[in-house]
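Note that these values count all heavy atoms, side chains included, but never hydrogens, waters or copies made by symmetry. In what follows, chains are A, B, ... by sequence order, proteins preceding strands, each numbered from 1.
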Protein chains: 2
Amino acid sequence: MTKQVEDCPIETTLKQISGKWKSVIIFRLLEHPQCRFNELQKLIPECSRRMLALQLKELEHDGLISKTFYPVVPPKTEYSLTERGKKLKPVIEGLQEWGRIN
Amino acid sequence: MTKQVEDCPIETTLKQISGKWKSVIIFRLLEHPQCRFNELQKLIPECSRRMLALQLKELEHDGLISKTFYPVVPPKTEYSLTERGKKLKPVIEGLQEWGRIN
DNA sequence: CAGTATCCCGGCAGATACTG
DNA sequence: CAGTATCTGCCGGGATACTG
């Protein structure tokens, strides 16, 4: 029943931030706490709209970011980190620090 | 010349530990400092021999693990974390902690 | 503006067989 | 034991067009 991978939750945890663009999105949202869809696009121009939408959806599903939708015309959305997402800050910074040092 | 992604090194850094099996391998090598190829296979049974070899090669290339080859018969190898790899310990633990809390 | 739908291709990764 | 070689199928992700 219990598989090895489940005993090693680091894998599951890492998946939540290691999608093709997730870390960058989180990183950007740490710098820019409130972002609209197109703002994120401009901040991460290499990421296609399709992928941005998909990754945002996963991040939202995993409770790392939250999305506020304003049903105005034209439509407006705002993405920001949840409390859970913000708690990643020291970890992300630790990673950066590690990357910088080597 | 300079692309956005290069200004955001977290992405590069994360890639070094977010291959399909890298985090698990690092994790296992933190628990078991010296591992032979087949030992790692047994510790991570869901990972094919092919993938294990590929991921190990990348980890070695990135300087996270080192490989010692003993030209005996039958051949014997030993994988372990480098100093650089060991420095990831607090980060990995931070990730685990974050994953545990939520 | 903020996405979704659809088509399509290259490359990731499994299975299997082989080697020093 | 510790890998590599090859073949193949699948799906991640780009490009483009469309929608509320």
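The side chain of A/P74 approaches C/dC1 more closely than any other nucleotide in the set C/dC1, D/dA2, C/dG3. Residue B/K20 has its side chain nearest to C/dA13 when only D/dA2, D/dA15, C/dA13 are considered. Relative to the side chain of B/P75, the nucleotides D/dG3, C/dG3, D/dA2 differ in distance, and D/dA2 lies closest. For B/N38, taking side-chain heavy atoms from C-beta onward, the closest of the listed nucleotides D/dG3, D/dC1, C/dG3 is D/dC1.
Listed for the A/T77 side chain is no donor-acceptor partner under 3.5 Å among the backbone atoms of A/R36. Between the side chain of A/W98 and the main chain of B/G85, no donor-acceptor pair closer than 3.5 Å is present.
Look at A/T77 and you won't find any side-chain N or O under 4.0 angstrom from OP1 or OP2 of C/dC1. Using a 4.0 Å cut-off, some side-chain N or O of A/K67 falls inside it from OP1 or OP2 of C/dG3. The side chain of B/K57 places an N or O atom within less than 4.0 Å of a non-bridging phosphate oxygen (OP1 or OP2) of D/dT4. Taking side-chain N and O atoms only, B/S48 has no distance below 4.0 Å to OP1 or OP2 of C/dA13.
A salt bridge links B/E83 with B/K86: the distance from a Lys NZ or Arg NE/NH1/NH2 to an Asp or Glu carboxylate oxygen falls below 4.0 Å. In this structure, A/R28 pairs ionically with A/E31, as a charged nitrogen and a carboxylate oxygen lie closer than 4.0 Å. Under a 4.0 Å N-O distance rule, the pair B/E97/B/R100 qualifies as a salt bridge.
Between the CZ atom of B/R49 and the P atom of D/dA2 there is a distance of 11 Å, rounded to whole Å. Residue A/Q41 contributes atom CD, which lies 11 Å from atom P of D/dG14 at whole-angstrom precision. A/K76 places its NZ atom 9 Å from the P atom of C/dA2, with the value rounded to the nearest Å. Separating the CE atom of B/M51 from the C1' atom of C/dA15 is a distance of 14 Å, rounded to the nearest angstrom. Atom P of nucleotide D/dG3 and atom CD of B/E58 are separated by 15 Å, given to the nearest angstrom. In this structure, B/L40 atom CG and D/dC1 atom P are separated by 14 Å, rounded to whole Å. With rounding to whole Å, B/L54 atom CG is found 12 Å from D/dA5 atom C1'. When the C1' atom of C/dC12 is taken as reference, atom CZ of B/R50 falls 7 Å away, rounded to whole Å.
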Pair pattern of DNA chain D in dot-bracket, where unpaired bases get dots and | marks partners in another strand, Watson-Crick or G-U under 3.5 angstrom:
||||||||||||||||||||
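Side-chain contact annotation: A/E11 with B/S23, donor-acceptor N/O pair under 3.5 Å present.
When each of A/K22, A/K20, A/K15 is paired with A/E58, the salt bridge (Lys or Arg N to Asp or Glu O under 4.0 Å) condition holds for A/K22 and for no other.
Nucleic acid contact class of A/Y79 (heavy atoms, under 4.0 Å, all strands): sugar-phosphate only.
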